[in-house]
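One structure below.
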Amino acid sequence: MEIRFDEKNLLADLVGKANGVTRAEAERSQSRVLKALKSFRKKSEQGLYGFPHLPFQAAVIRSIEGYAAELSGSYDTVCVVGIGGSALGAWALDCGIRGPHPVQGAFTPQHPRLVILDNVDPSFTAQALASMDARSTLVVVIAKSGGTAETVGTFLIVREWLEQTLGRRKAVRRIAAVTTEGKGDLYALAQAEGYPRFAIPENVGGRFSVLSPVGLVPAALAGINIRKLARGAVAMTHFCWQPDIEQNLALKAALYHWLIWTRKNKTIHVAFPYSNHLWGTAFWFRQLWAESLGKTHDRNGKVVHTGQTPIAALGTTDQHSQVQLYIEGPNDKVLTFWAVNRFSAAGRIPSNRVGQPAFDALAGHSLTELIDAERRATAAALAAAERPNCTITLNRVDEEHLGAFLQMMEFETAFLGELLGIDAFDQPGVELGKNFTYGLIGRKGYEKYLREFQAYEKKRSAIR
Ligand code: PA5
């Protein structure tokens with residue numbers, strides 16, 4: 001497993017003092033990041049935060065593998081019902097290892113497809129169900145809280161759809177539940193109906209749960225080697241506890257991203273994978289960064305309104321869509337390229353010449369060379385415009401590298417939470433919207449939120 005972090009284009013030497021950090025600044029901040037590492041390690045060892053321990057849980061991995069092996073060949077579709085942290089990890093893994101859907105090829109029991117029903121768009125849900133056969137579909141319903149409105153609503157539809165074709169008794173055998181053990185409405189329902197259950201540890205929040213059953217159950221059912229994912233994550237975890245910044249990529253990335261954000265005021269972070277396989281990971285990252293680091297209060301209760309807006313861009317595609325803005329628009333962004341050394345194909349371009357300069361210049365080269373040249377050229381052009389950027393390079397996108405990369409980004413986010421003095425593991429800002437929704441759909445106990453919502457509507461209607 002080989003992952004590298006290149007921070008040089010974040011340095012003042014390349015992007016100027018107003019937009020880049022100096023080595024001296026970075027050195028001066030080393031004690032701060034080491035403190036952040038120490039305090040996060042302590043909390044993790046006390047059991048407050050569980051994601052660092054996930055890849056070491058061999059018994060959990062074995063039980064998921066056993067479940068997938070038992071059902072193997074009996075389905076051609078895995079339908080995940082979940083949202084946010086209960087959906088994005090599965091997508092990152094599926095897209096990372098098996099590629100984006102349009103290029104995955106035909107779906108068979110040997111090569112099942114993964115359908116993720118996260119959004120409650122009724123057209124999307126109906127079309128997804130119409131595209132699946134209940135007799136060859138496995139449903140995995142995932143919710144840590146066990147009561148998320150989107151997941152519950154969609155699951156009731158999917159459950160009825162299964163029962164209408166298979167009958168109640170058989171339908172139950174096509175459903176698995178991933179939720180908190182002993183808590184919540186999904187747990188109670190799964191227990192009452194007898195679905196196989198996989199537990200989400202209490203100390204693992206949604207966006208940090210990709211290497212728990214939340215990501216691993218769908219991945220294993222889709223045929224991904226979850227043991228290798230865990231192996232990569234284990235190796236990365238060992239590095240992430242190292243106090244040596246040159247060995248600890250997550251800590252080094254946290255240091256530079258923190259400095260460039262807080263000292264150079266780069267309030268937007270563009271994750272820029274040059275790999276379609278990492279596109280799902282970019283969306284997973286967007287949630288991790290936004291929900292973890294966007295907070296009103298610091299740990300002392302002081303109002304800080306901190307946060308760095310994450311954006312997902314795809315190279316080279318978004319060079320033809322976004323880079324104009326990144327180079328000439330407000331200098332308020334830091335870009336992190338995600339590069340891949342070795343693709344699963346070279347993309348050889350035929351060497352015969354056609355007599356046209358634009359075509360002949362590329363003859364005999366490869367898409368691997370082209371994508372690499374385009375990324376390096378874009379990084380250089382950004383640096384020339386004093387736009388700070390850095391590059392994380394994965395030797396390849398396979399299970400070990402992806403497991404390691406996801407774990408590295410979770411560690412980096414946790415370290416940043418410590419550096420900013422905030423709780424990176426809660427999300428109080430989304431509660432009010434959820435409560436209004438429950439009030440609006442008439443959930444018992446949420447009458448107060450309905451009244452509050454009605455008062456807001458009244459205020460709106462008074463506006464002329
Ligand atoms: O990261 C988080 O905690 C959230 O994004 C949750 O994953 C999301 O709200 C879904 O929650 P649940 O798994 O309880 O349905």
Side-chain angles (χ1 to χ4, degrees), residues 48-52 54 79-93 116-121 125 139-159 175-190 195 197-219 280-296 307 309-310 312 406-407 409-414 416-417 422-438 441 443 446:
L48 275 176
Y49 305 124
F51 82 82
L54 292 173
C79 173
V80 166
V81 183
I83 196 163
S86 289
L88 287 162
W91 182 34
L93 296 176
I116 300 177
L117 298 183
D118 50 359
N119 198 9
V120 284
D121 173 335
T125 309
V139 175
V140 187
V141 53
I142 308 176
K144 178 163 183 196
S145 60
T148 303
E150 293 92 331
T151 304
V152 167
T154 303
F155 178 64
L156 288 172
I157 294 172
V158 173
R159 176 169 161 269
I175 299 172
V178 181
T179 190
T180 308
E181 192 64 12
K183 252 194 190 172
D185 292 354
L186 175 59
Y187 171 79
L189 180 73
Y195 309 148
R197 290 190 314 271
F198 295 89
I200 309 174
E202 289 261 21
N203 59 3
V204 175
R207 54 193 177 273
F208 292 88
S209 67
V210 56
L211 297 173
S212 80
V214 171
L216 297 186
V217 172
T281 300
F283 283 84
W284 170 88
F285 166 81
R286 215 172 54 146
Q287 185 212 10
L288 180 71
W289 207 256
E291 247 181 19
S292 305
L293 304 176
K295 297 289 151 76
T296 299
T309 305
L406 296 169
Q407 190 75 342
M409 284 189 284
E410 291 184 13
F411 265 98
E412 182 187 352
T413 306
L416 270 161
I422 55 162
D423 184 348
F425 298 89
D426 65 0
Q427 55 285 325
V430 297
E431 288 313 310
L432 187 59
K434 278 192 203 171
N435 292 335
F436 282 156
T437 304
Y438 286 138
I441 59 170
R443 184 168 167 182
Y446 290 80

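Order of appearance sets the numbers: ligands from 1, and atoms from 1 within every ligand.
At the shortest separation from atom 10 (C) of ligand 1 among protein heavy atoms lies Ile83 O, 3.3 Å. In this structure, atom 15 (O) of ligand 1 lies nearest to the protein heavy atom Thr148 OG1, 2.5 Å. Here the protein heavy atom with the shortest distance to atom 5 (O) of ligand 1 is Gln287 NE2, 2.6 Å. The closest protein non-hydrogen atom to atom 3 (O) of ligand 1 is Gly206 N, 3.4 Å.
Any N or O atom pair closer than 3.5 Å counts here, and Thr151 shares no such pair with ligand 1. Ligand 1 has a nitrogen or oxygen under 3.5 angstrom from a nitrogen or oxygen of Gly85.
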side-chain contact (heavy atoms from CB on, under 4.5 Å) assessment of Leu48 paired with Phe425: CA-CA 10 Å; Leu48 275 176; Phe425 298 89; over 6 Å; no
Mind running side-chain contact (heavy atoms from CB on, under 4.5 Å) on Ile142 and Thr151 for me, showing each step along the way? CA-CA 8 Å; Ile142 308 176; Thr151 304; over 6 Å; no
side-chain contact (heavy atoms from CB on, under 4.5 Å) evaluation trace for Arg207 with Thr413: CA-CA 11 Å; Arg207 54 193 177 273; Thr413 306; over 6 Å; no
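Close contacts of ligand 1 with Lys144, meaning ligand atoms under 4.0 Å from a residue heavy atom, involve 12 (P), 13 (O), 14 (O).
With values rounded to the nearest 0.5 angstrom, Ser209 atom OG is found 8.5 Å from Lys144 atom NZ.
Side chain of Lys183 to main chain of Gly146: no donor-acceptor pair is present (N/O by atom type, distance under 3.5 Å, no hydrogens or angles). Side chain of Thr179 to backbone of Ala143: a donor-acceptor contact under 3.5 angstrom is found.
Heavy-atom proximity to atom 4 (C) of ligand 1, evaluated over Lys434, Gln427, Glu291, Arg207, is greatest for Glu291. With distances taken over non-hydrogen atoms, the option nearest atom 13 (O) of ligand 1 out of Ser86, Gly146, Gly147 is Ser86.
Contact detail for Asn435 and Tyr446: the closest heavy-atom pair is OD1-CE2, 3.3 Å.
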